[in-house]
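Worksheet for the structure shown next.
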There are 2 protein chains.
Amino acid sequence: MQPKRNTWQREAVRATLAEAHGFVSAQQLHQSLRDGGSTIGLATVYRNLAGLVETGEADSLQSPEGENLFRSCATQGHHHHLICRSCGDTRELSATVVEEWTQRVGAEHGFSEIEHVVDLFGLCARCRAARSA
Amino acid sequence: MQPKRNTWQREAVRATLAEAHGFVSAQQLHQSLRDGGSTIGLATVYRNLAGLVETGEADSLQSPEGENLFRSCATQGHHHHLICRSCGDTRELSATVVEEWTQRVGAEHGFSEIEHVVDLFGLCARCRAARSA
DNA sequence: CGTTATAGTGATAGCCGTTCTCATTTAGAA
DNA sequence: TTCTAAATGAGAACGGCTATCACTATAACG
Ligand SMILES: [Mn+2]
Ligand SMILES: [Mn+2]
Ligand SMILES: [Zn+2]
Ligand SMILES: [Zn+2]
């Protein structure tokens with residue numbers, strides 16, 4: 001395995017991702033960085049986000065619209081998310097019942113190498129209040 | 001609500017979708033139609049697929065690669081899928097435990113209007129056998 | 001230290017799935 | 001049959017993302 005060099009770009013992506021409240025897109029992150037005066041390129045943001053996902057430092061998921069979103073999660077291992085589709089506020093979830101269900105269903109149908117992505121999108125209490133105001 | 005006209009294009013999409021074994025993309029469906037001698041346009045395929053999804057005649061989901069896939073499902077109401085990522089073979093699933101978990105987690109965090117998409121991708125027994133052969 | 005090999009960067013072109021535009025066609029009511 | 005607007009389809013446009021490649025700068029090495 002080739003050594004990973006430490007660049008200020010990667011550190012900037014890491015830091016800005018950590019500051020974000022919820023899941024953000026690569027483009028949003030890039031814009032935040034540029035707004036903060038950085039000259040980082042968009043391709044570099046994509047590359048470093050992919051790298052952070054690979055090492056497990058960041059999580060990624062598809063939005064319902066098909067865009068890839070990223071987050072620096074507190075939980076280390078496999079977990080799920082409850083995400084406010086309005087403000088992006090995110091709660092990390094563990095779901096033993098879902099894991100078990102996945103395994104059982106896969107076995108029942110003779111499937112292996114089951115991949116499951118279970119992320120919930122909803123409207124948080126704060127955003128619901130703001131909407132009805 | 002404006003009346004829906006019956007076109008041979010819509011019927012062709014419906015029929016070809018019904019013939020497909022598993023989930024297919026709009027482009028795949030378009031290609032199948034053209035291969036069968038149809039002169040239907042790609043935009044029309046997209047439009048009619050969207051229409052069929054709206055009326056519940058077809059299901060749609062995102063592949064892990066982000067492409068939208070469509071299927072004419074036997075089950076009418078809300079359900080989930082177990083899909084072979086190699087041959088596309090699809091099993092329809094009901095998942096009471098997942099529904100309950102979704103509701104409970106949403107309530108616990110004060111979220112409403114929870115949207116959950118739970119589709120499992122795996123490798124079916126037949127494809128697993130073929131791979132090791 | 002300075003030198004150097006090369007991983008990393010970034011402007012930009014390209015890719016691919018999807019949607020939009022708009023002139024033309026056609027379903028279906030009258 | 002006539003008529004109107006829903007539907008179509010070729011192609012342009014869009015948006016997210018990846019590939020390209022000349023250039024930069026990290027960090028190993030002397
Ligand atoms: Mn899980
Ligand atoms: Mn469900
Ligand atoms: Zn919110
Ligand atoms: Zn299979």
Side-chain angles (χ1 to χ4, degrees), chain A residues 1-17 20 23-55 57-71 85 88 117 119, chain B residues 1-17 20 23-55 57-71 85 88 117 119:
Chain A
M1 165 178 164
Q2 65 274 55
K4 282 274 185 185
R5 294 183 181 178
N6 296 318
T7 64
W8 64 262
Q9 288 92 339
R10 162 155 349 155
E11 193 45 42
V13 168
R14 230 196 303 257
T16 308
L17 188 62
F23 277 87
V24 291
S25 69
Q27 315 237 24
Q28 284 175 337
L29 202 61
H30 180 241
Q31 195 55 56
S32 295
L33 284 158
R34 302 294 281 233
D35 290 347
S38 175
T39 61
I40 193 171
L42 177 59
T44 300
V45 172
Y46 273 103
R47 274 189 296 246
N48 279 304
L49 283 173
L52 293 175
V53 167
E54 219 167 324
T55 63
E57 287 190 72
D59 276 22
S60 73
L61 57 83
Q62 292 187 335
S63 76
E65 291 72 36
E67 197 174 7
N68 273 104
L69 305 180
F70 302 86
R71 181 165 187 265
R85 77 180 120 247
V117 177
D119 295 305
Chain B
M1 165 176 166
Q2 65 274 56
K4 281 276 186 184
R5 293 184 179 176
N6 296 319
T7 63
W8 64 261
Q9 287 92 339
R10 160 147 356 123
E11 193 44 43
V13 168
R14 228 196 304 259
T16 308
L17 188 62
F23 277 87
V24 292
S25 70
Q27 314 237 27
Q28 284 175 336
L29 202 61
H30 180 242
Q31 195 54 57
S32 295
L33 285 158
R34 302 295 281 232
D35 290 348
S38 175
T39 62
I40 193 170
L42 178 59
T44 299
V45 173
Y46 273 104
R47 275 188 295 244
N48 280 304
L49 283 173
L52 292 176
V53 168
E54 220 166 325
T55 64
E57 288 190 72
D59 276 21
S60 72
L61 58 82
Q62 293 187 332
S63 76
E65 291 72 36
E67 197 175 6
N68 274 106
L69 304 180
F70 302 86
R71 181 165 187 265
R85 78 180 120 248
V117 177
D119 294 306

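Lettering of chains follows the sequences in order, A, B, ..., and the numbering in each one begins at 1. All values derive from a computational prediction rather than experimental measurement. We use all heavy atoms of the structure for the numbers below, so side chains are in, but hydrogens, waters and symmetry mates are not.
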Spacing between B:Lys4 atom NZ and C:dT26 atom C1', to the nearest angstrom
16 Å
So, is B:Asn6 close to the D:dA7 phosphate, meaning a side-chain N or O under 4.0 Å from OP1 or OP2?
no
Take the protein atom OH of B:Tyr46 and the nucleotide atom C1' of C:dG17, then report the distance between them rounded to whole Å.
5 Å
Taking A:Ile40's backbone N and O only, do any of them form a donor-acceptor pair with A:His30's side chain (distance below 3.5 Å, no angle check)?
yes
Rounded to whole Å, NE2 of B:His30 lies from P of D:dG9 at a distance of 8 Å
Please confirm whether the backbone N or O of A:Ala12 pairs with a side-chain atom of A:Thr16, one donor and one acceptor, at under 3.5 Å?
yes
Give the minimum heavy-atom separation between B:Ser63 and B:Leu69, together with the two atoms involved.
CB-CD1, 3.8 Å
We want to know whether A:Arg10 and A:Thr7 form a side-chain donor-acceptor pair, criterion being a heavy-atom distance below 3.5 angstrom.
no
Under 4.0 angstrom between B:Gln27 side-chain N/O and C:dC16 OP1 or OP2
no
Nearest-Å distance, CG (B:Leu42) to P (C:dC16)?
14 Å
Could you tell me which non-hydrogen atom of A:Leu33 sits nearest to which non-hydrogen atom of A:Val13, and how far apart they are?
CD1-CG2, 4.3 Å
Would you tell me if any nitrogen or oxygen in the side chain of A:Asn48 comes within less than 4.0 Å of OP1 or OP2 on C:dT9?
yes
Between B:Trp8 and B:Arg5, which residue's closest nucleotide on DNA chain D lies nearer the 5′ terminus?
B:Arg5
When we call it a touch if two heavy atoms are under 4.0 Å apart, what does A:Ser25 touch: a base, just sugar-phosphate, or nothing?
nothing
Short side-chain N/O contact from B:Asn68 to OP1 or OP2 of C:dG17, under 4.0 Å:
no
Between D:dT20 atom P and A:Arg47 atom CZ, what is the distance in whole Å?
12 Å
Does A:Gln9 have a side-chain nitrogen or oxygen under 4.0 Å from the phosphate oxygens OP1 or OP2 of C:dG10?
yes
Would you mind telling me which residue lines up with the more 5' stretch of DNA chain C, B:Leu69 or A:Val45, judged by nearest nucleotide?
A:Val45
If I take atom CZ in residue A:Arg10 and atom P in nucleotide D:dA25, what distance separates them, rounded to the nearest angstrom?
16 Å
Rounding to an integer number of Å, can you tell me how far B:Leu61 CG sits from C:dG17 P?
16 Å
So, OP1 or OP2 of C:dT9: does either fall under 4.0 Å of a side-chain N or O from A:Thr7?
yes
The side chain of A:Ile40 is closest to which nucleotide in this list: D:dC17, C:dG10, C:dT18?
C:dG10
Let me know the distance between CD of A:Gln62 and C1' of D:dG16, rounded to the nearest Å.
12 Å
